Amino acid sequence: MNRFCKKICLAVALVAFAMNAHAADPNFYIFLCFGQSNMEGNARIEQRDLENVDPRFMMMAAVDDAQRSRKMGEWYTAVPPLCRDHTGLTPVDYFGRTMVKHLPENVRVGVINVAIGGCHIETFMKDSIGQYVKTRAPQWMAGMLKAYDDNPYERLVMLAKKAQQDGVIKGILLHQGESNTGDKDWPNKVAYVYHQLIADLNLRAEDVPLLAGEVVRAGGRGRCASMNDIIQTLPQTIHTSHVISSEGCTNAPDFLHFDAAGYRELGKRYAYKMLSLLGIEAAPGIQVPADAVLSPYAIPGFEFPKVDKERKAYFRVEAPSAQRVQVDICSKKYDLDRDEKGVWTGVTDPLVVGFHYYFLYIDGVRVVDPASDTFFGCNVQASGIEIPEGPEGDYYRPQVGVAHGQVRSFQYYSTFKNEWRRALVYTPAEYEKSKKRYPVLYLQHGMGEDETGWSKQGFMQNIMDNLISSGEVVPMIVVMESGDIKAPFNFAGGGSNRQGFSDYGASFYGVMTNDLIPAIDKNFRTRADREHRAMAGLSWGGHQTFDMVLTHPELFSYMGAFSGAIFGLDVKTAYDGIFTRADEFNKKMHYVFLSCGSEENFGTENLANSLREQGINVDFYESPGTHHEWLTWRRGFRQFIPHIFKNK
């Protein structure tokens with residue numbers, strides 16, 4: 001008897017173990033999906049839809065799919081198509097992706113999609129399916145019905161019961177109605193299907209809401225748009241149902257189906273509603289914190305771009321017909337989210353402090369942000385945003401109580417190039433009230449920028465005003481010209497970037513000697529000699545500075561390069577070997593300055609060291625934490641100008 005009891009206990013333990021081994025995972029959320037072609041998926045699956053699918057998002061194959069080695073009733077990572085072979089992108093794709101994005105890491109999402117293009121809701125009604133297949137289903141639907149053994153409802157229930165062994169059914173997604181357009185009894189028919197599912201699967205309606213999506217609106221031009229009035233009444237019939245708006249979801253040319261972008265957006269909306277029902281706030285769009293401040297470059301009347309205290313930037317653009325909108329900033333593209341009215345909002349990662357160019361990409365086309373001022377950079381007009389520094393940036397900000405100079409536009413004619421040209425000229429605050437003459441700094445921008453760069457992006461006028469006011473800098477005139485480097489460098493054409501051998505921007509040298517310097521000396525009160533003339537530039541402007549100053553030492557006695565594009569310079573042979581004659585050079589050149597950002601790799605410090613090895617007096621400054629960018633050049637300019645024209 002004792003042995004018999006032991007056997008019984010062992011058997012019970014084994015059964016309990018087996019049952020526990022197959023217990024449903026409460027953190028595996030199952031969603032049943034059914035409907036017609038827009039649930040089936042009608043848009044072409046793009047490469048982006050096949051990539052980066054979280055393995056936490058799974059689909060149970062509703063039919064065998066030999067091409068993808070899928071077997072009916074088995075779980076797979078939810079790489080589309082999710083319905084059947086030869087179906088397309090569906091709202092379910094981005095429903096699941098959005099769900100796992102916002103759910104805890106230990107929660108998985110599984111979907112079962114049973115849908116038939118062109119079907120009526122009667123296709124899923126237990127008491128109607130047989131008659132529907134025999135008398136109403138068109139011939140072209142026969143193959144789709146056969147895939148579900150002519151009973152899609154029973155297939156959905158069978159798979160759902162199997163799924164219940166693995167997880168918990170949390171909701172039901174429906175997209176159907178086009179074929180029932182005008183059928184005022186549609187809500188009752190949907191209620192019949194829903195309550196039958198609840199009963200057959202032993203569910204509680206309060207635990208398993210029904211989400212039903214609207215059909216294509218297309219601004220009222222959708223072929224079945226009138227059906228939305230009926231769909232919107234569904235919650236009056238099923239109190240646990242919710243209608244998902246299709247307002248603004250883009251559509252295919254047939255005005256019946258959504259396009260890929262429309263499916264992505266509609267799927268996200270299904271997910272946002274389901275997440276809210278699960279108690280998880282993940283509202284569509286970007287939540288902009290209260291501490292975010294409007295960019296100083298925002299066009300009046302616009303509320304974006306903004307920057308928050310974490311240095312994240314927020315962008316918003318109205319593009320109701322767009323399928324994809326991105327912002328490209330700091331070498332990274334960020335997708336923006338679309339709301340129901342076609343307004344796209346996005347946020348970046350925390351950005352480094354300083355000025356940054358950026359662009360919008362609307363359906364792959366690069367454009368400027370209509371909400372932002374533009375700046376000439378990257379060889380084109382670009383949008384720009386400032387990620388503010390703290391008080392350490394006050395040196396380039398206008399200060400109350402400091403006298404301010406002027407930046408004026410100066411037009412002159414170049415006989416060297418037979419064209420009218422423009423320079424921007426800074427004059428110190430005292431210039432208008434004084435009769436004295438001033439030294440001149442010729443200050444050049446970098447490749448792909450223009451004469452406005454130093455004043456708009458670089459704030460050189462504020463730096464000058466503040467340092468003149470503090471007595472650190474001698475009052476001077478600063479001249480900024482385009483330098484013939486607005487166009488891109490022709491790398492493809494074999495152009496050389498070697499110092500002293502490049503043609504890029506070289507036409508400017510003749511303009512300077514023949515036209516610009518004489519015009520400035522004629523029209524402004526300058527001290528027109530080399531002792532009171534300097535040149536400096538950033539990036540390719542530094543390249544031009546070396547070429548210009550070192551081939552015309554009779555014109556300049558100070559020089560500086562900020563992140564200078566000074567490549568391939570042989571300090572022993574360059575410029576007729578001037579660096580090998582250190583005593584002669586140091587006597588003529590009163591000050592040489594080189595700087596760069598700590599995160600750059602331009603070889604600037606190595607150049608400074610190699611010049612020092614030749615006995616050349618040169619100062620070097622490294623801007624901490626910055627790249628090839630305007631903050632680097634503001635800092636370099638601030639370090640350079642206190643050293644020129646002193647005691648001259």
Side-chain angles (χ1 to χ4, degrees), residues 352-354 389 392-393 395-396 441-447 454 458 460 463-464 467 472-474 476 478 497-500 534-550 553 556-575 577-648:
V352 296
V353 293
E389 286 190 285
E392 67 274 17
Y395 70 93
Y396 57 75
L441 166 64
Y442 289 84
L443 182 63
Q444 289 306 114
H445 57 85
M447 181 188 301
W454 269 108
M460 58 75 51
I463 300 173
M464 292 296 302
L467 296 186
E472 294 181 63
V473 167
V474 171
M476 67 186 79
V478 182
N497 66 353
R498 183 181 173 192
Q499 192 67 44
M535 185 172 180
L538 69 90
S539 194
W540 201 265
H543 181 112
Q544 291 179 307
T545 296
F546 264 57
D547 276 358
M548 187 68 199
V549 171
L550 297 176
F556 304 93
S557 58
Y558 301 87
M559 62 184 292
F562 321 118
S563 310
I566 303 165
F567 306 123
L569 181 70
D570 186 339
V571 297
K572 295 182 179 180
T573 61
Y575 306 110
I578 186 62
F579 296 126
T580 62
R581 305 190 296 276
D583 290 343
E584 174 190 342
F585 180 89
N586 291 334
K587 184 177 180 181
K588 288 185 176 180
M589 202 58 53
H590 301 320
Y591 186 67
V592 178
F593 177 84
L594 298 175
S595 68
C596 65
S598 64
E599 308 308 304
E600 293 187 83
N601 188 26
F602 262 43
T604 306
E605 186 172 14
N606 290 336
L607 174 60
N609 290 334
S610 64
L611 290 172
R612 287 168 179 159
E613 290 173 0
Q614 298 299 315
I616 302 299
N617 296 329
V618 56
D619 270 359
F620 171 73
Y621 167 76
E622 184 176 79
S623 168
T626 58
H627 295 259
H628 200 69
E629 57 182 290
W630 275 103
L631 186 54
T632 297
W633 306 324
R634 293 173 190 168
R635 291 174 176 175
F637 181 70
R638 189 258 179 272
Q639 297 295 321
F640 170 66
I641 53 174
H643 298 278
I644 61 176
F645 307 133
K646 289 292 181 73
N647 304 318
K648 294 293 179 182

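Remember, it's a predicted structure, so these values are computed and weren't measured experimentally.
F556 meets the ring-ring contact (aromatic ring centres under 6.0 Å, His included) test with no other residue; sequence neighbours excluded. The side-chain hydrogen bond (donor to acceptor under 3.5 Å, both in side chains) check on E472 picks up S470, R638, with sequence neighbours excluded. With sequence neighbours excluded, no residue forms a salt bridge (Lys or Arg N to Asp or Glu O under 4.0 Å) with E613. Every residue two or more places apart in sequence or in another chain was checked for a side-chain hydrogen bond (donor to acceptor under 3.5 Å, both in side chains) with W454, and none qualifies. Applying the side chain to side chain contact (heavy atoms under 4.5 Å, CB included) rule to V571 yields the partners L569, F579, L607, S610, L611, Q614; only residues at least two apart in sequence or on another chain are considered.
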Ignoring hydrogens and angles, write down the donor-acceptor pairs under 3.5 Å from the side chains of residues 616-623, residues two or more places apart or on other chains.
unit_1	atom_1	unit_2	atom_2	d
D619	OD2	Y591	OH	2.8
S623	OG	T626	OG1	2.7
S623	OG	R635	NH1	2.9

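The line from CG of N601 to OG of S563 is 11.5 Å long, rounded to the nearest 0.5 Å. Distance OG1/T580 to NZ/K572: 10.0 Å, rounded to 0.5 Å. Separating the CG atom in L538 from the CZ atom in F562 is a distance of 8.0 Å, to the nearest 0.5 Å. Atom CZ of residue F546 and atom CE of residue M535 lie 11.5 Å apart, to the nearest 0.5 angstrom. With rounding to the nearest 0.5 Å, the separation of CZ in F645 from OG in S557 is 6.5 Å. To the nearest 0.5 Å, atoms CG (D547) and CD1 (I566) are separated by 9.0 Å.
Screening residues 591-609 for salt bridge (Lys or Arg N to Asp or Glu O under 4.0 Å) gives no qualifying pairs among residues at least two apart or on separate chains. Sorted by first and then second residue, the pairs that involve residues 577-591 and meet salt bridge (Lys or Arg N to Asp or Glu O under 4.0 Å), not counting sequence neighbours, are R581-E584, E584-K588.
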Checklist entry - Under the side chain to side chain contact (heavy atoms under 4.5 Å, CB included) criterion, do Y442 and V549 qualify, and how do the steps go? => result CA-CA 11 Å; Y442 289 84; V549 171; over 6 Å; no
Checklist entry - Is there a side chain to side chain contact (heavy atoms under 4.5 Å, CB included) between W540 and Q444 once you walk through the steps? => result CA-CA 8 Å; W540 201 265; Q444 289 306 114; over 6 Å; no
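Closest non-hydrogen pair, T632 versus G597, comes out as CG2-N, 3.3 Å. The shortest non-hydrogen separation linking G636 to F593 is O-CE2, 3.5 Å. Residues M559 and F640 share a closest heavy-atom pair of O-CE1, 3.6 Å. A pairwise comparison of heavy atoms in I463 and R634 identifies CD1-O, 3.9 Å as the closest pair. Of all heavy-atom pairs between A561 and G542, the closest is CB-CA, 3.9 Å. Nearest heavy atoms, I644 versus V474: O-CG2, 4.2 Å.
Two rings, from H628 and F602, have their centers less than 6.0 Å apart.
Between the S598 side chain and the G625 main chain, a donor and an acceptor come within less than 3.5 Å of each other.
In this structure, the side chains of M476 and M464 come closer than 4.5 Å at one or more pairs of heavy atoms. Contact of the Y558 side chain with the V592 side chain is not registered, since no non-hydrogen atoms from C-beta on lie closer than 4.5 Å.
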